[in-house]
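Heads up, the thing below is written out as structure tokens.
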Amino acid sequence: MQNTRKNEKILVINCGSSSLKYEVYAMPQRKSLGKGLVERIGSENGHIIQKNSVGKLEKTASIPDHSTAMRFVTEALTDDTYGLIHNMNEISGVGHRVVHGGEEYSSSVIIDNAVIKAIKNNSELAPLHNPPNLDGIRATMEFLPEVKQIAVFDTAFHQTLQPAAYLYGIPRELYRKYKIRRYGFHGTSHRYVAAKAMTMLKRSPENTNVISCHLGNGASVTAIENGKSIDTSMGFTPLEGLMMGTRSGDIDPSIIFYLLDRGYSTAELNTMLNKKSGLLGLSEISNDLRDVEKAALNGNINAKETLDVYAYKIRKYIGAYAANLVKVDALIFTGGIGENSVTMRHKICEYLENIGIVMDYDKNREIGSNPGIVSKNYSRTAICVIPTNEELQIAVDTYQLIYGVNFVDRRKTVEVIL
Ligand code: ADP
């Protein structure tokens with residue numbers, strides 16, 4: 001490793017339209033010094049909360065815009081009692097989560113004018129995410145003008161997909177004209193847990209194939225061959241693929257025309273498929289898996305069916321990806337559901353013995369919400385439960401880019417050791 005510096009403080013920022021999440025890491029130790037969340041940006045009663053090992057700091061105030069939010073963040077970060085650092089000068093790099101890097105970015109990059117322009121151009125592809133991501137970048141630049149800022153794209157890890165996996169079977173002109181293709185998301189999480197699996201299984205990415213299931217409110221499955229993403233279930237937008245908390249996932253596109261003909265507007269359908277479908281829409285109970293699981297235990301038929309659909313779709317993707325990998329060394333569960341729901345993990349794996357993925361149901365129950373390996377010793381595929389940590393991956397990328405660690409050949413693959 002070149003130019004390695006000790007005890008550098010990296011600020012990680014994940015900026016949404018009305019919220020800003022942040023965390024400070026000491027690198028290369030990978031130690032979190034604490035984190036915070038600004039909510040209700042754009043309102044009179046904005047709110048900031050920050051926690052570290054000493055305690056928590058909380059404040060309600062008018063936070064009209066991201067620049068004001070960032071001012072509150074700098075005050076909280078350097079607070080005399082609950083601060084995470086003494087002085088903003090200590091921050092040596094800032095890593096930003098950016099949702100869409102389009103076809104331009106297959107790895108994290110240092111932000112310059114060209115990158116800002118590209119993020120802006122890709123706003124058409126991610127209108128709800130890229131603009132607030134840019135607001136966060138601009139606000140940070142205002143307070144830390146001398147500090148290098150890095151963009152870590154949700155889409156970047158999936159830029160290794162081949163045309164067979166990313167092209168839709170629609171007129172090619174739509175790809176040429178509008179860049180309509182599959183991009184995939186959650187890349188930072190899939191990359192992180194795949195790297196963690198290598199450590200857990202003492203394997204190297206170059207000869208390891210992984211299927212990783214990120215099951216949170218949003219959910220996606222990714223096939224990783226020798227450290228590179230070869231397919232992923234989200235597509236042009238995060239709506240494709242698995243059934244999620246409130247998103248439908250894959251449906252027959254004709255349903256949309258059918259409903260348009262019956263008087264639904266495009267806005268209504270957009271809301272229906274993104275916000276009112278999935279676990280929530282099908283169970284008519286909740287988007288939270290815990291509520292649906294509880295209702296199913298109490299005999300609610302809709303809830304039971306919803307759990308069946310949820311697990312079935314995940315199995316379908318695992319099967320499809322297994323068919324496109326010569327071998328599967330590890331199946332990973334991560335995200336709120338993957339990390340915590342013993343019963344959903346069990347349900348998903350029940351039919352996978354057929355393809356050499358054999359869960360040890362006792363181990364699965366015993367580890368509960370802890371990380372670990374939950375497959376039988378003789379299973380061809382190891383089943384791993386691994387908590388994701390996108391913020392840490394962003395801090396690692398930021399540190400590596402700023403201090404010039406040479407990992408050119410490995411940038412598109414999972415990064416195991418710092
Ligand atoms: P996000 O995608 O918003 O980051 P999370 O990764 O936190 O979401 O996942 C949220 C989901 O995780 C919810 O559906 C929630 O029900 C589920 N979840 C969290 N804890 C548990 C648990 N102990 N058992 C079952 N599901 C859980």
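A quick note: this is a predicted structure, and the numbers were derived from the prediction, not measured. All ligand and atom numbering here is 1-based and tracks the order in the structure.
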TODO: Could you list the residues that satisfy salt bridge (charged side-chain N to carboxylate O under 4.0 Å, His left out) with Asp288, not counting sequence neighbours?
DONE: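 Only Arg290 meet the salt bridge (charged side-chain N to carboxylate O under 4.0 Å, His left out) criterion with Asp288.
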TODO: Using the test side-chain hydrogen bond (donor to acceptor under 3.5 Å, both in side chains), find all partners of Ser32 that sit at least two apart in sequence or belong to another chain.
DONE: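 For Ser32, the residues satisfying side-chain hydrogen bond (donor to acceptor under 3.5 Å, both in side chains) (neighbours in sequence not counted) are Glu23.
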Task: Proximal protein residues to ligand 1, non-hydrogen atoms under 4.0 angstrom - done: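 Correct list: Gly216, Asn217, Gly218, Asn287, Asp288, Leu289, Arg290, Glu293, Gly335, Gly336, Ile337, Asn340, Ser341.
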Task: Qualifying ring-ring contact (aromatic ring centres under 6.0 Å, His included) pairs, either residue in residues 335-356, two or more places apart - done: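 For residues 335-356, and leaving out neighbouring residues, the ring-ring contact (aromatic ring centres under 6.0 Å, His included) pairs sorted by first residue read His346-Tyr361.
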- [ ] With Glu8 as reference, evaluate Tyr25, Tyr403, Tyr399 under the side-chain hydrogen bond (donor to acceptor under 3.5 Å, both in side chains) test and give the passing residue.
- [x]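 It is Tyr403, the one option of Tyr25, Tyr403, Tyr399 that forms the side-chain hydrogen bond (donor to acceptor under 3.5 Å, both in side chains) with Glu8.
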Open item on the list: Does Lys21 have more than 12 heavy atoms from other residues, nucleotides or ligands lying within 6.0 Å of its NZ?
Closed with: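 Not more than 12 within 6.0 Å, no.
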Open item on the list: Using 30° and 60° as the class boundaries, would you call the ring planes of His214 and His186 parallel, tilted or perpendicular?
Closed with: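 Parallel: the ring planes of His214 and His186 meet at under 30°.
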